[in-house]
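Everything below concerns the one structure shown next.
Each residue takes its place number in the sequence, starting with 1.
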Amino acid sequence: GKKWEEVERNHYATLELSLFATPKEIKRAHRKLALKYHPDKIGSGQEARFDAIQKAYEHLSTKKEEYDEWLGRKLEDMNRFREDDNKRAKYAENLLAGESKHFEEVRKRKQREYEEEIRIKNAKKKYMQEMKDQESENTIQIRSQGPSLQVRWSKKSQMSYTEQNLNEIFRQYGKIEEIIINPKRRKGLVIFSYSDSIQQVIKAMELGEFGKEFEIKILTTKRTEQKAKD
């Protein structure tokens, strides 16, 4: 059969007519174009165009009914093909839209999972820190059984005290066994080797040597209490 491309370049188009033109229109168009493109008039190089005009006119003047019937079927086929093509395009568009929606849902789910993972990680970190702080607090309470004092510094203090800082401040009052720091609660425990050191600190407190920088609490033992009474 004829190729569909012939529908686009059909005999009507060759004669510069609309589809299914009347015999009278065909005859008039042929006369006009034959004169315009006749080789005797325009010279060589246009024979193919003139031959196509002649072929189109011959076909439409002798087999117009048959040609129109064939042309109508081809146009219907083309329309169905275009409709199918549009359906395929619409299906592809919907498919892409569905995939896009699916990918967006997956992205949001992944984001939620990531945020939940971070939340759990932070919760674990906070719990571990709280346990560590509690352990440090328990250690301070246990260690304070000996001659010791608790030092708490103000939140307004520009100094972040370390074991070394506290050691430099309190070693003048006696030998220090251990210093334990709880930086989060801004306090520390100073444990002396001898109870006499506590008495020295008490005297320094009475003289105002520590100013307002520290809040010092003496954690007395029986030995310390007895020494204080003496």
Side-chain angles (χ1 to χ4, degrees), residues 1-135 155 160 183-185:
K2 298 179 183 296
K3 295 181 180 179
W4 286 8
E5 288 77 6
E6 292 185 30
V7 178
E8 298 295 340
R9 297 188 295 274
N10 60 72
H11 297 322
Y12 288 103
T14 302
L15 296 177
E16 299 179 3
L17 292 168
S18 59
L19 295 179
F20 310 114
T22 65
K24 187 176 180 181
E25 291 171 329
I26 294 169
K27 188 174 182 179
R28 185 167 57 244
H30 170 254
R31 184 183 301 113
K32 176 183 174 182
L33 295 175
L35 290 173
K36 182 178 179 180
Y37 292 102
H38 197 283
D40 292 343
K41 184 176 181 180
I42 61 174
S44 60
Q46 294 292 336
E47 290 86 354
R49 180 66 182 274
F50 182 78
D51 290 344
I53 292 169
Q54 292 299 97
K55 179 181 178 182
Y57 176 70
E58 180 182 353
H59 209 101
L60 292 176
S61 62
T62 59
K63 300 178 181 179
K64 182 178 187 306
E65 185 177 347
E66 179 184 347
Y67 181 75
D68 286 352
E69 184 180 347
W70 172 84
L71 185 60
R73 289 197 305 270
K74 289 302 179 182
L75 288 173
E76 288 178 1
D77 290 344
M78 287 183 67
N79 288 333
R80 280 197 297 271
F81 178 80
R82 285 169 179 165
E83 288 175 1
D84 292 343
D85 216 27
N86 290 335
K87 289 179 181 178
R88 284 192 292 270
K90 187 66 177 178
Y91 174 78
E93 181 181 346
N94 292 336
L95 184 63
L96 288 174
E99 289 180 349
S100 178
K101 183 179 179 180
H102 171 71
F103 290 145
E104 180 63 17
E105 290 174 352
V106 170
R107 186 192 68 78
K108 288 182 178 180
R109 187 178 74 250
K110 292 291 185 182
Q111 180 67 23
R112 289 194 298 270
E113 291 174 354
Y114 172 75
E115 291 174 354
E116 180 66 11
E117 182 181 347
I118 295 298
R119 187 190 67 77
I120 293 173
K121 185 181 293 185
N122 289 337
K124 287 182 178 179
K125 185 178 180 180
K126 181 180 179 182
Y127 173 76
M128 294 302 294
Q129 184 62 45
E130 289 175 350
M131 292 295 293
K132 185 177 180 181
D133 292 342
Q134 185 61 44
E135 183 181 351
K155 291 183 178 180
S160 179
K184 187 174 182 180
R185 299 195 177 185

Hey, what do you get for CG (Asn122) to NZ (Lys125), rounding to the nearest 0.5 Å? 7.0 Å

Contact summary for Asn10 and Tyr67, nearest pair of heavy atoms: CB-OH, 2.9 Å

d(Gln111 CD, Glu104 CD) to nearest 0.5 Å is 10.5 Å

Quick check for you: to the nearest 0.5 Å, what is the distance between Arg107 atom CZ and Arg112 atom CZ? 10.0 Å

In terms of heavy-atom contacts, Ala34 and Ile53 come closest through N-CG2, 4.4 Å

How long is the straight-line distance from CD of Glu47 back to CZ of Phe50, given to the nearest 0.5 Å? 10.0 Å

For Leu71 and Leu19, the nearest pair of non-hydrogen atoms, with its separation, is CD2-CD2, 3.8 Å

Got a sec: does the CD of Glu113 have more than 12 other heavy atoms crowding it under 6.0 Å? yes

Are Glu58 and Lys55 ion-paired here, with the side-chain N under 4.0 Å from a carboxylate O? no

Would you give the length of the straight line joining atom NZ of Lys74 to atom CG of Asn79, rounded to the nearest 0.5 angstrom? 13.0 Å

Assess whether a salt bridge exists between Lys64 and Glu25, defined as any Lys/Arg side-chain N lying under 4.0 Å from an Asp/Glu carboxylate O. no

Evaluate the salt bridge (Lys or Arg N to Asp or Glu O under 4.0 Å) criterion for residues Glu69 and Arg73: first the C-alpha distance (whole Å), next the side-chain angles of each, then the deciding distance (0.1 Å), finally the verdict. CA-CA 6 Å; Glu69 184 180 347; Arg73 289 197 305 270; 3.4 Å; yes

Mind checking the CD-CH2 spacing from Glu65 to Trp70? Nearest 0.5 Å is all I need. 16.0 Å

Fit a plane to each ring of His59 and His11, take the angle between them on a 0 to 90° scale, and name the class: parallel (under 30°), tilted (30 to 60°) or perpendicular (over 60°). tilted

Give the intermediate values and the outcome of side-chain contact (heavy atoms from CB on, under 4.5 Å) for residues Glu105 and Arg109. CA-CA 6 Å; Glu105 290 174 352; Arg109 187 178 74 250; 5.7 Å; no

Return the minimal non-hydrogen interatomic distance between Ala52 and Thr14, and the atom names on each side. O-CG2, 3.6 Å

Looking at every non-hydrogen atom in both residues, tell me the closest pair between Tyr57 and Lys27 and how far apart they are. CE1-CA, 3.9 Å

